[in-house]
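What follows is a single structure, written as structure tokens, with notes after it.
As the structure is a computational prediction, the values presented were derived from the model and not from experiment. Heavy atoms only: backbone and side chains are in, while hydrogens, waters and symmetry mates are out.
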Amino acid sequence: MVMNSDYIWETFDSLWKTVHRQSRRVEELEARVIDLEQRLMERAAEVEKRAKHTTVAEMPVERAA
């Protein structure tokens, strides 16, 4: 069976484009994960900051009781 070289090149080209497209998607997903991790850390820092502020605000009330 003799394969047509055009068919081989079309197949290779299609595979190349698929790999390139998937690589871009992986890069986009990695960037999104990094963004979400940063937002999660910022949110955790904000919650921790509010918890410290709340603790300090509650202390005088506890002493007055």
Side-chain angles (χ1 to χ4, degrees):
M1 180 172 137
V2 175
M3 290 208 144
N4 184 351
S5 69
D6 288 341
Y7 174 77
I8 293 171
W9 284 112
E10 287 174 12
T11 303
F12 177 78
D13 185 55
S14 176
L15 288 170
W16 179 262
K17 288 176 181 175
T18 300
V19 167
H20 180 68
R21 186 171 47 249
Q22 294 300 323
S23 296
R24 271 193 323 210
R25 291 187 72 201
V26 167
E27 290 171 359
E28 290 169 2
L29 287 172
E30 288 173 340
R32 180 74 175 136
V33 166
I34 290 169
D35 179 54
L36 290 172
E37 287 176 339
Q38 288 175 345
R39 289 173 54 192
L40 182 62
M41 287 189 303
E42 289 170 1
R43 185 175 293 170
E46 184 65 32
V47 168
E48 184 177 329
K49 182 180 173 184
R50 272 191 257 145
K52 286 181 181 178
H53 180 67
T54 303
T55 303
V56 171
E58 291 176 358
M59 290 174 81
V61 175
E62 291 174 358
R63 287 184 185 168

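- If you run side chain to side chain contact (heavy atoms under 4.5 Å, CB included) between Val26 and each of Arg24, Glu30, Glu28, only Glu30 comes through.
- Interatomic distance, OG1 of Thr11 versus CG of Asp6, reported as 10.5 Å (0.5 Å rounding).
- Here the side chains of His20 and Lys17 are not in contact, with every heavy-atom distance at 4.5 Å or above.
- Ion pairing of Arg50 with Glu46 is present here, as a side-chain N (NZ or NE/NH1/NH2) and a carboxylate O approach within less than 4.0 Å.
- With hydrogens and angles disregarded, no donor-acceptor distance shorter than 3.5 Å links the side chain of Ser14 to the backbone of Glu10.
- The CG atom of Leu29 sits 10.5 Å away from the CG atom of Leu36 when rounded to the nearest 0.5 Å.
- Using the six-membered ring where Trp is involved, Trp9 and Phe12 have ring planes that are perpendicular, over 60° apart on the 30 and 60° scheme.
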